[in-house]
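Notes for the one structure printed next.
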Amino acid sequence: MNEINKLTLIERINRILSDDEFRKYCARCKNDNPNFEFEMQIVEKIARIDISQLTIDENLIHLSTPFSEEMVDSQAISFYSSLDRICPEGIQLKKLAKYNMKYVTHDVTKEKDPRSYCCSKIEKDGTEFRKIFINIEGRIGDVSNACHEICHSMSKGFIEMKSSKDKNMAEVAPVIIDAFSAEFMKNKYPDLQINFIEDAIRSRIQNIIKAREVLLDGLVIKLMLGEITIDDIQKKYYDLYLKNTRMLYRCIDNIERKKFTNMFEKRYLLPTAISEIMLEKLRTDPKSAVKQFKTILENDNDWTVIDALKSLGLVSVKEVFDDYIDNFEKRTKKLIEERKLLQSTNSDNDLSIS
């Protein structure tokens with residue numbers, strides 16, 4: 001057992017509080033984010049959404065017969081082809097997806113981190129490097145994950161290696177694709193509908209957990225800068241971080257390893273809220289939804305998030321988050337009702353077979 005592991009929680013926190021280098025780093029984190037206080041207000045509202053009664057059957061997330069690498073790749077192409085059929089105008093998604101498949105690898109043994117990614121860069125010798133790593137994990141969401149990374153490769157940031165005008169745009173198009181591709185797969189594989197619904201519920205839970213991680217990082221920054229006290233955090237956030245301390249300990253571990261995440265997961269929160277609005281539009285007016293998606297993808301390097309929202313007819317970031325927060329329970333309840341109906345149907349079928 002090393003020295004840090006012998007320390008109590010409060011001793012570890014006090015060590016962090018006495019770390020002037022980390023304090024300076026937290027000051028830079030806040031100074032680099034002009035929207036810090038606004039984001040903290042929004043993320044706290046999301047973090048406080050009650051998910052305590054939501055449960056997930058992991059057996060429905062991990063497939064007994066997983067999609068193969070070949071099937072994941074082919075279904076990703078098929079998905080983008082379906083979007084082109086819905087809306088033939090604009091960027092040709094299937095053609096670009098097929099072209100970029102040459103950059104795809106599934107070899108996890110060559111990766112330091114199993115998390116999928118898409119990257120492009122210019123090497124020191126001037127050569128261009130592009131790579132799309134898609135880890136096939138045997139999950140129901142493997143195809144959607146592939147579609148997400150391939151969507152990144154359709155950005156000018158990947159194709160032309162252009163710097164983006166607004167880094168907050170990076171996940172907008174790919175997260176919309178998460179929602180669209182899951183809907184595509186659910187319709188294509190009706191026997192797996194309950195699995196896709198379970199994964200959708202799991203994603204909703206995970207998004208709240210991400211918000212809680214972002215909020216905790218923000219509280220650490222405020223604590224280090226003397227804008228909040230430990231007593232304040234204990235009183236106001238006991239239910240989030242002290243009833244179950246796993247997230248708190250993970251955050252402390254990251255700080256001690258010099259890997260403080262600095263609200264990293266916030267990049268997915270607004271895109272997720274946008275994706276819910278877009279998914280509902282896909283179901284009612286598919287051509288309009290796909291056309292709007294293509295427009296966002298074509299301009300993601302040159303637009304700000306506000307530009308993207310305007311293109312969707314949305315007024316503000318607050319409006320999008322309000323929609324997400326206000327409708328979280330209703331949308332989740334609908335998924336749960338779908339799950340119950342399928343479970344009941346499957347149970348009836350099992351009885352009739354016997």
Side-chain angles (χ1 to χ4, degrees), residues 45-67 71-72 75 78-79 82 137-148 175-213 239-240 243-244 246-247 268-269 271-286 289 320-354:
K45 290 180 181 179
I46 300 174
R48 289 197 177 280
I49 292 175
D50 184 12
I51 55 172
S52 61
Q53 301 305 309
L54 298 180
T55 58
I56 295 300
D57 183 352
E58 287 292 336
N59 292 322
L60 293 174
I61 304 297
H62 297 271
L63 296 176
S64 55
T65 306
F67 297 119
M71 185 175 287
V72 167
Q75 289 306 310
S78 179
F79 161 68
S82 75
E137 300 181 70
R139 292 174 173 267
I140 189 67
D142 277 346
V143 173
S144 288
N145 178 49
C147 293
H148 178 108
V175 173
I176 292 173
I177 284 300
D178 289 341
F180 283 12
S181 59
E183 186 81 352
F184 167 81
M185 291 295 289
K186 185 172 71 172
N187 292 330
K188 187 160 187 176
Y189 292 92
D191 291 346
L192 295 175
Q193 275 195 350
I194 193 169
N195 303 78
F196 286 108
I197 289 169
E198 197 76 7
D199 197 42
I201 297 171
R202 178 184 176 276
S203 295
R204 299 184 72 73
I205 295 171
Q206 288 297 315
N207 202 51
I208 305 305
I209 292 172
K210 287 177 182 178
R212 292 175 181 178
E213 291 173 349
D239 57 328
L240 293 181
K243 275 188 177 180
N244 184 329
R246 281 180 296 181
M247 189 177 295
Y268 297 104
L269 299 181
T272 298
I274 294 171
S275 75
E276 297 209 342
I277 295 171
M278 290 294 287
L279 178 58
E280 291 181 350
K281 184 172 289 188
L282 181 73
R283 290 166 174 164
T284 58
D285 188 358
V320 177
F321 277 126
D322 284 347
D323 175 85
Y324 179 83
I325 295 163
D326 294 343
N327 291 296
F328 184 90
E329 184 177 355
K330 181 183 74 174
R331 288 169 175 151
T332 306
K333 185 177 180 181
K334 184 178 179 181
L335 286 168
I336 291 171
E337 288 172 351
E338 288 182 48
R339 179 174 66 182
K340 285 181 180 177
L341 180 61
L342 285 168
Q343 287 171 333
S344 175
T345 302
N346 291 343
S347 177
D348 290 345
N349 288 341
D350 289 344
L351 288 172
S352 63
I353 291 170
S354 62

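Nothing here was measured: the structure is a model prediction, and the numbers come from that model.
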* Does the side chain of Tyr324 pick up a donor-acceptor pair with the side chain of Asn207 at under 3.5 Å? -> yes
Which value, rounded to the nearest 0.5 Å, describes the distance between [X] atom [atom1] and [Y] atom [atom2]?
| X | Y | atom1 | atom2 | value |
| --- | --- | --- | --- | --- |
| Leu240 | Met247 | CG | CE | 8.5 Å |
| Arg212 | Ile49 | CZ | CD1 | 9.0 Å |
| His62 | Glu137 | NE2 | CD | 8.0 Å |
| Leu342 | Leu192 | CG | CG | 11.0 Å |
| Leu63 | Ile140 | CG | CD1 | 4.5 Å |
| Ile176 | Ile274 | CD1 | CD1 | 6.0 Å |

* Mark yes when over 12 heavy atoms from residues, nucleotides or ligands other than Arg283 sit less than 6.0 Å from its CZ; otherwise mark no. => yes
* If you count the non-hydrogen atoms of other residues, nucleotides and ligands that lie under 6.0 Å from CD in Gln53, is the total more than 12? -> no
* Is Lys186 paired with Asp199 through a side-chain N to carboxylate O contact shorter than 4.0 Å? -> no
* Report the C-alpha separation of Val143 and Cys147 in whole Å, then their side-chain angles, then the decisive distance to 0.1 Å, and conclude whether the side-chain contact (heavy atoms from CB on, under 4.5 Å) test is met. => CA-CA 6 Å; Val143 173; Cys147 293; 4.1 Å; yes
* To do: Apply side-chain contact (heavy atoms from CB on, under 4.5 Å) to Arg48 and Asp239, showing your working.
  => CA-CA 9 Å; Arg48 289 197 177 280; Asp239 57 328; 3.4 Å; yes
Would you call [X] and [Y] a side-chain contact if the rule is heavy atoms closer than 4.5 Å?
| X | Y | result |
| --- | --- | --- |
| Ser78 | Lys188 | yes |
| Gln75 | Phe67 | no |
| Thr272 | Leu269 | no |

* With side-chain contact (heavy atoms from CB on, under 4.5 Å) as the test, would you mind laying out the steps for Phe321 and Lys45 before giving the verdict? => CA-CA 9 Å; Phe321 277 126; Lys45 290 180 181 179; over 6 Å; no
Can you see which heavy atom on [X] is nearest to which on [Y], and at what distance?
| X | Y | answer |
| --- | --- | --- |
| Ile56 | Ile205 | CG1-CD1, 3.6 Å |
| Ala289 | Met278 | O-CE, 3.4 Å |
| Ser144 | Ser181 | OG-OG, 2.9 Å |
| Ala47 | Ile208 | O-CG2, 4.0 Å |

* Residue list, ring-ring contact (aromatic ring centres under 6.0 Å, His included) with Phe79, at least two apart or on another chain -> Phe184
* Asked: Does Asn145 reach the main-chain N or O of Gly141 with its side chain, forming a donor-acceptor pair under 3.5 Å?
  -> no
Residues 332-340, side-chain donor-acceptor partners within the protein, below 3.5 Å, at least two apart:
{"residue": "Thr332", "atom": "OG1", "partner": "Arg204", "partner atom": "NE", "Å": "2.8"}
{"residue": "Thr332", "atom": "OG1", "partner": "Phe328", "partner atom": "O", "Å": "2.7"}
{"residue": "Arg339", "atom": "NH1", "partner": "Thr55", "partner atom": "O", "Å": "3.3"}
{"residue": "Arg339", "atom": "NH1", "partner": "Glu198", "partner atom": "OE1", "Å": "3.1"}
{"residue": "Arg339", "atom": "NH1", "partner": "Glu198", "partner atom": "OE2", "Å": "3.2"}

* To do: Could you tell me whether Lys210 sits above the aromatic face of Tyr268, with NZ or CZ closer than 6.0 angstrom to the six-membered ring centre and within 45 degrees of the axis?
  => yes
